[in-house]
Structures are given as structure tokens and as C-alpha cells.
There are 2 protein chains.
Amino acid sequence: MIMGNVSERRRQPPQVGVSVVILALGPAARADDRNDQTRGTLWMPLVRRVRQPFLGQWALPGGGLRADHSLEQSAYAALESTTSLHPRYLEQLYTFGDPSRSHGGLPMVSIVYWALVGGMDENVEFADGDNVSWFPVDHLPELAFDHREIVDYAMERLRGKIEYPDIVARLVGDRFTLSQLHDVYEAIAEEDIDLANFRRKMLASGLLEDTGDKLRVGRNRPATVYRYKQGTAQPTPWNVAESRTDFAASDIDPQDDALSALTTA
Amino acid sequence: MIMGNVSERRRQPPQVGVSVVILALGPAARADDRNDQTRGTLWMPLVRRVRQPFLGQWALPGGGLRADHSLEQSAYAALESTTSLHPRYLEQLYTFGDPSRSHGGLPMVSIVYWALVGGMDENVEFADGDNVSWFPVDHLPELAFDHREIVDYAMERLRGKIEYPDIVARLVGDRFTLSQLHDVYEAIAEEDIDLANFRRKMLASGLLEDTGDKLRVGRNRPATVYRYKQGTAQPTPWNVAESRTDFAASDIDPQDDALSALTTA
DNA sequence: ACAAAAGTGTTAGGGCTACACCCATGC
DNA sequence: GCATGGGTGTAGCCCTAACACTTTTGT
């Protein structure tokens with residue numbers, strides 16, 4: 001721990017950390033929410049702070065940055081420490097470093113990542129752990145530091161990226177009906193999307209593949225189950241982090257990538 | 001959030017720095033380029049390294065990060081140290097932090113910014129300073145570290161953002177003809193754009209304003225001079241994230257903008 | 001038969017592209 | 001007049017929104 005008075009602290013090189021905004025598609029908001037729509041919503045896990053400042057408040061999962069780890073690896077480690085789910089997508093979001101955000105603590109630079117994990121259709125429990133709890137993104141508690149702004153920014157980015165099909169592919173399961181996919185889009189966009197047109201657009205994109213299976217949800221007509229075609233994920237500059245074909249970590253050393261080994265599980 | 005094990009050497013926190021990719025619209029590439037097109041190109045300044053590693057090679061302008069400065073302020077300082085031009089746009093690009101990129105030096109995290117400065121139509125000289133020189137982006141020398149990939153990434157992002165009109169507004173001068181604006185778009189996109197359609201699209205966007213003036217370039221029909229309407233610059237997600245504290249806010253509000261006051265010189 | 005969700009057809013409009021065409025100016 | 005760049009018109013294409021419609025299932 002670095003000690004010293006305030007002016008000494010200000011001259012210190014800033015501490016560097018990684019935080020992660022983790023998103024998963026889940027059921028519609030809780031029962032105590034009088035909103036009766038059936039549309040699914042996005043959920044995210046938060047951790048309760050166990051020290052000052054902001055002791056007891058909820059915050060984004062995060063951790064320190066080890067000099068011998070890539071940024072992605074550090075982000076992955078932070079993710080793993082809060083949830084057992086494996087990320088389908090991991091991308092650098094933004095780096096925050098204003099002096100004001102440390103609120104009297106040490107000056108801090110946070111490299112924020114953005115992760116998508118599998119959701120409800122795999123009946124994975126959103127297990128609330130020791131100091132971890134899941135919240136619907138539209139009903140978050142008060143957050144520590146400037147984490148609220150960070151979350152808002154992450155959601156903006158997600159909506160901006162909805163057009164990239166591989167992003168959505170990470171939120172849904174491997175196999176899904178068009179209605180389910182449609183629900184995901186609506187959950188992200190937070191607006192109604194014509195199902196008929198959506199269906200055509202998706203099928204016309206040539207990215208989907210009929211699995212041959214059918215899925216009957218209620219007592220209604222069964223829906224055909226699709227999957228994304230292999231190799232669909234185009235390496236946009238963004239999914240760099242995952243695709244490994246891109247420059248972020250890639251060009252430098254695609255070989256020793258612990259992440260990809262872990263995520264293929 | 002920071003929990004490094006200080007005793008272990010490899011776990012020491014990395015050094016944090018800021019680098020800047022500075023772009024300006026300039027004349028077509030040099031005479032020794034047998035490419036005879038008249039289309040303007042983008043230029044950027046590089047600094048020659050005066051210490052190891054990569055001593056003598058060209059590198060992106062950069063500097064350390066002071067704990068009492070915002071990231072933008074640090075980027076701005078790095079920019080100022082290499083060129084007297086003032087940025088019309090400054091945006092965070094990406095943060096690089098892989099252990100391998102230091103090439104034997106200290107572990108280094110670089111927060112890279114992206115700056116656009118005014119160009120040729122203001123007959124600003126691309127003054128080559130002591131250890132500073134301007135290069136066309138498509139004819140860069142060998143760069144130190146992984147800076148080449150950083151530049152490539154910056155160019156990708158620029159092309160991806162060409163649709164945001166305020167980005168282009170920062171590259172052209174305050175006043176311009178549609179042909180000049182068209183040239184900028186072609187320089188960025190590196191492909192031909194139908195001038196007739198471009199004109200209509202621009203005018204239809206409602207972002208341009210007729211200044212009433214005309215400009216005659218050769219002996220031809222004079223072209224009407226436009227400017228971007230005030231308040232056109234929509235807060236992209238990026239400078240939103242920034243706008244809370246720092247001078248980047250001035251980027252958004254052209255009114256009390258110290259920068260624009262300086263650039264009109 | 002009926003309800004509910006899956007899935008199809010159809011039409012109108014907007015935007016974009018390609019390219020033909022007119023306008024103003026200096027020589 | 002004629003060359004040159006400024007500026008306009010227009011027809012076709014494709015994509016999309018809107019919404020009516022048919023199909024398949026369980027009850």
C-alpha cells in the first residue's frame with residue numbers, strides 16, 4: 001500500500017486496473033416489477049465492495065493488471081472471479097482515467113472490458129455468490145465510483161453494434177428459434193421489431209443455418225431451430241480481442257493465448 | 001480494485017503512457033511518388049526516438065501520464081509537444097497493454113488517442129521540427145514498437161466513422177466547397193465517390209449551410225462555399241464518456257472553445 | 001372449432017447508384 | 001465556341017416498413 005499525503009499521491013503514477021461489464025440475456029424483470037411484458041431483458045453481475053471507498057456498495061467486477069498478462073487475460077480473470085459462466089465475447093470498451101474519479105483514493109486508470117455470456121436458454125442459474133448478485137440492467141442499484149456511467153456507455157455501444165450479427169450470436173445460445181433471436185434484438189433495442197420482416201432479413205443474410213430440429217414452446221406450432229453458420233463471425237476491428245486474427249493482442253503474439261484455450265471449453 | 005502483489009517483480013504494475021495518432025489532410029503524396037492522381041491524402045507527424053529501444057526509429061508522439069491530468073489532457077500535451085497545430089478532434093482509440101509489446105523494455109500500457117488537425121487549405125506548413133517529420137499515411141517509414149499496427153487500426157476506425165459528419169468537419173476547414181469536401185471523403189475512403197450523388201446527400205442531410213460566398217478555383221464556374229451548421233457535432237458515445245470533466249467538453253461546444261479561438265489564427 | 005404462435009405475400013415508399021444532361025465562367 | 005468544373009434530373013434497383021394473410025399445432 002502506498003502511503004503519503006494528498007500532494008504526494010497526485011504525483012504517483014496512476015494505478016492500473018481492469019473492470020468488466022458482463023451481460024447476459026435473462027428472463028423479464030422480477031416479479032416485484034409491475035411491468036408485465038414478457039420480453040426478456042439483459043442482466044449483469046455486480047460485486048459488493050469490501051473496503052473503502054464506497055464500502056458496501058455495488059461495483060463492476062474488476063482486478064489489478066499484472067505486467068505479464070495481456071489486457072484480455074486480466075479482464076478474463078476478473079470475469080472468472082465473479083461468475084462461472086464463460087464469455088462468448090470479450091472486447092475492450094474504453095479506458096477511464098480522470099483524476100476526479102478516484103474520489104480521494106489513489107489516482108486510478110481503469111481499462112473497461114465488455115463481455116457477453118450465455119443466458120437463460122441453457123438453464124444456467126444466475127447464481128448469486130458471496131458478494132455477487134445479478135441485476136437487470138434497467139434496475140441497477142446505486143453503483144460505486146463512476147461505474148454507472150460506464151454501464152450506460154456499454155449499453156450504448158451494445159445498441160450501436162446490434163447490426164453486427166455475431167454480437168447477437170454471443171448472447172443467444174448455439175441453437176435458437178427465430179422468435180428467440182427476435183426477442184434478443186428487442187431486448188437490446190428496447191423497441192418493437194416487426195417479426196415478419198425480421199425473419200426475412202435474418203434468413204436473407206445467409207448467416208443462419210437450419211438445424212433440422214423443431215422446438216415447440218407451448219401448445220403451438222413448432223418453430224424451426226437455427227444456428228449461426230460456422231465462421232460467420234467476421235473480424236471487425238472490435239471483436240479483435242476474441243478473434244485473435246486482429247491486431248489487439250494478435251499481431252503481437254497470437255500463440256500464447258490462455259484465453260482462447262479457456263473459452264473453447 | 002488494485003490488488004497487485006508488490007513483492008513479485010513480474011507483477012509490478014506497468015508504466016502508463018499516452019500516444020497520439022495525429023492526422024491532417026494535406027496535398028497528394030510527394031513528387032517521388034509516381035502516382036499522379038491529384039487526390040489529397042492524409043499526413044501524420046512522427047517523432048524520432050532518442051533512446052533505446054528502437055533508438056533512431058520513428059514513433060508516435062507520446063508521453064507519460066500524470067496522475068493529476070485527465071487522459072485527454074495528457075494526450076493533448078503529447079500532441080502539442082510535436083506540432084503547433086491545434087486539434088479539431090480528439091478521441092480515445094484503444095488501449096494497448098500486452099506484455100510482449102515492450103520488446104524487452106519495461107512493461108507498458110499505452111492509451112492511444114486519435115487527433116484530427118486542420119490541413120492544407122489554411123496554408124499551414126507541415127513544419128518538420130527537430131525530431132519531428134510529417135509523412136503521408138500510405139508511405140510511412142518503419143515504426144518503433146507496435147506503432148504500425150496502431151496506425152492501421154486508427155485508419156480503419158477513421159473509415160468506419162466517415163459516416164459521422166462531424167468527423168469530416170474537423171478535417172476540412174471551417175469553409176469549403178462541396179468539391180473539397182468530396183475530396184476529403186475520397187481521401188479517407190480511398191475510393192471514388194460519385195460527386196453528383198455526394199452533393200445531394202450532403203445537402204439533404206441538412207448539416208451544411210450556405211455562407212453566401214463563392215470560390216473560384218481555376219478559370220471555371222465559381223463554387224458556393226458552405227460551412228457546417230453550428231451545433232452539428234453530435235456527441236458521439238466517445239466524447240460523451242469524456243465530457244464530464246475535461247477539456248474534451250470544449251470539443252462539443254464550439255462556443256466557449258479555446259481551441260477554435262486558437263485555430264482561427 | 002378456436003386460440004396462439006409460426007411463417008408467407010404483397011404493396012408502397014425511400015434511398016441509393018449510375019449516368020445523362022444543363023449552367024457558368026475564362027480563354 | 002469550347003473546355004472545365006459546378007450543379008440538376010431521372011430511371012431503375014434494392015431494401016425496408018407495414019400489415020394482411022395462411023399454416024400448424026394443442027386443447
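Note that the structure is a prediction, hence the values are computed from the model and not measured.
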Interface polar pairs with nucleotides 24-27 of chain C, N/O, under 3.5 angstrom:
unit_1 : atom_1 : unit_2   : atom_2 : d
C/dG26 : O4'    : B/Arg219 : O      : 2.6

**Prompt:** Which residues satisfy the side-chain contact (heavy atoms from CB on, under 4.5 Å) test with B/Arg159, sequence neighbours excluded?
**Reply:** B/Met155, B/Ile188, B/Glu190
**Request:** Mind checking salt bridge (charged side-chain N to carboxylate O under 4.0 Å, His left out) for A/Arg199 and listing every partner two or more places apart, or none if nothing turns up?
**Result:** none
**Message:** Using the side chain to side chain donor-acceptor pair (under 3.5 Å) criterion, which residues pair with A/Arg200? Sequence neighbours excluded.
**Reply:** A/Asn197
**Request:** Only counting residues at least two apart or in another chain, list the ones meeting side chain to side chain donor-acceptor pair (under 3.5 Å) with B/Thr224.
**Result:** B/Tyr226
**Request:** Using side-chain contact (heavy atoms from CB on, under 4.5 Å) as the criterion, list what pairs up with B/Asp152, not counting sequence neighbours.
**Result:** B/Arg148
**Request:** Using the test side-chain contact (heavy atoms from CB on, under 4.5 Å), find all partners of A/Arg219 that sit at least two apart in sequence or belong to another chain.
**Result:** none
**Message:** Suppose we screen for side chain to side chain donor-acceptor pair (under 3.5 Å). Which residues come up paired with B/Glu80, at least two apart in sequence or across chains?
**Reply:** none
**Asked** Considering residues at least two apart in sequence or located in another chain, which fulfil the side chain to side chain donor-acceptor pair (under 3.5 Å) criterion with A/Ser205?
**Response** none
**Prompt:** Any stems for DNA chain D, made of 3 or more Watson-Crick or G-U pairs in a row, each with both distances under 3.5 Å?
**Reply:** C:1-27 with D:1-27
**Asked** For D/dG6, does either OP1 or OP2 sit under 4.0 Å from a side-chain N or O belonging to B/Thr224?
**Response** no
I'd like a list of close polar pairs between nucleotides 10-14 of chain D and the protein, N/O only, cut-off under 3.5 Å.
unit_1 : atom_1 : unit_2   : atom_2 : d
D/dT10 : O4     : B/Arg200 : NH2    : 3.4

**Item:** Pairing residues for B/Asp213 by the side-chain contact (heavy atoms from CB on, under 4.5 Å) criterion, not counting sequence neighbours
**Value:** B/Arg175, B/Thr211, B/Val225
